[in-house]
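Note sheet for the following structure.
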Amino acid sequence: MKTITSIKNSKGQIPLTVITAYDALFASLFDSKVDIILVGDSLNMSFNAKPDTLSATMEIMLYHTRAVCSGAKDTFIVCDMPFGTYTDEKMALHNASRVYTETGAHAVKIEGGQSRAHIIQTLTQNSIAVMGHIGLMPQYVRCEGGYKVRGKNEADILALIEDAKAIEKAGAFSLVIEGVVASAAKRISESISIPTIGIGAGKDTDGQVLVWSDMLGFFKAFTPKFVKKYLDGAELIEHAVDNYVKDVQNRAFPCDEHTYIK
Ligand code: KIV
């Protein structure tokens, strides 16, 4: 199982594999296969059918993180800090401490660049491991007026590099780069010594993360450009459920094989 040290040492090595999970069942299927499981607040959209991540609460994240920790005993687990739970140092420390005291997660993830570096520093100085998250930050969707790809011009690239450096200096052990032009993500990655984990950020980061329900084809509402579907999950399930309904209605299920017979 990965540790903070082995994750940090993976910079420039074999890319880190990260997948989200929200429950014990799927976490157990991913356990030991990927390097890191992220209990992302994306669960608010794919599990809770909400339009964005903003209404995920601390209680929701703690519940799902406990479930994931029960299902995946041999994988490094990161819990996303939900919107509004780390707006100042005191609140951030209180809420991030709950992740450690109430779940088995190994680290928390925080969205934000330079303006959030002081929060990350407070957590790391109080022995809480932090994964940063810059670029397209879903928790900023309403104030930004949508999901916008970053790193399209030199000024923005330089701002992102400053964000990355501030987060590294604050003590984060890794950094998610989301929705950033590939060449910009490469430059950000090269500017810091902690590993970067990309999502929609090209191939030159130190790892990749995908949301499980996107990459396994369970989330039907839309498929972002950066997602590769490794399974048609929704189609397989719909087909199976149609067959079950047909079997029950035709009295083809249960047959003797599935029946207790004296
Ligand atoms: O919430 C989430 O799943 C995330 C990933 C997209 C990185 O933050």
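The residues of the chain are indexed from 1 along the displayed sequence. Remember, predicted model here, so these are calculated numbers, not experimental data. Atoms within a ligand are numbered from 1 in the order they appear, just like the ligands themselves.
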Q) Got a salt bridge between Lys148 and Glu144, using NZ or NE/NH1/NH2 to carboxylate O under 4.0 Å? A) no
(Q) Below 3.5 Å, N or O to N or O, backbone or side chain included: is there any such pair between Tyr22 and ligand 1? (A) no
Q. What do you reckon, does Lys109 have a nitrogen or oxygen under 3.5 Å from a nitrogen or oxygen of ligand 1?
A. yes
Q) Can Thr223 and Asp214 be said to form a side chain to side chain contact (heavy atoms under 4.5 Å, CB included), step by step? A) CA-CA 7 Å; Thr223 306; Asp214 289 339; 5.9 Å; no
Q) Considering only protein heavy atoms, which is closest to atom 4 (C) of ligand 1, and at what distance to one decimal place? A) Leu38 CD2, 3.7 Å
Q: Run the numbers for me: atoms of ligand 1, each under 4.0 Å from some heavy atom of His133, listed by number.
A: 8 (O)
Q | Short N-O contact, Asp52 and Arg142, less than 4.0 angstrom | A | yes
Q) Considering all heavy atoms of both residues, which atom of Met45 and which atom of Phe219 are nearest to each other, and what is their separation? A) O-CE1, 4.1 Å
Q: For Thr20, counting its heavy atoms only, list the atoms of ligand 1 lying under 4.0 Å from any of them.
A: 3 (O)
Q: Could you check atom 2 (C) of ligand 1 against the protein and tell me its nearest heavy-atom contact, residue, atom and distance included?
A: Ser42 OG, 3.3 Å
Q: Please say whether Asp80 places an N or O atom under 3.5 Å from an N or O atom belonging to ligand 1.
A: yes
Q) Does Lys11 come within less than 4.0 Å of Glu190, counting only side-chain N to carboxylate O? A) no
Q.
With a 4.0 Å cut-off on N to O distance, would you call Glu154 and Arg187 a salt bridge?
A. yes
(Q) Test your reading of the structure: does Asp41 have an N or O sitting under 3.5 Å from an N or O of ligand 1? (A) yes
(Q) Parallel, tilted or perpendicular, judged at 30° and 60°: which one describes the rings of Phe218 and Trp212? (A) tilted
**Q.** Where ligand 1 meets Gly40 - atom numbers and elements under 4.0 angstrom, heavy-atom basis
**A.** 1 (O), 2 (C), 3 (O)
Q. Which class fits the ring pair Tyr22 and Phe47: parallel under 30°, tilted 30 to 60°, perpendicular over 60°?
A. perpendicular
Q. Going by the order shown, which atoms of ligand 1 are within less than 4.0 Å of some heavy atom of Val211?
A. 3 (O)
Q. What is the nearest protein non-hydrogen atom to atom 6 (C) of ligand 1, stated with its residue, atom name and distance?
A. Ile199 CD1, 3.7 Å
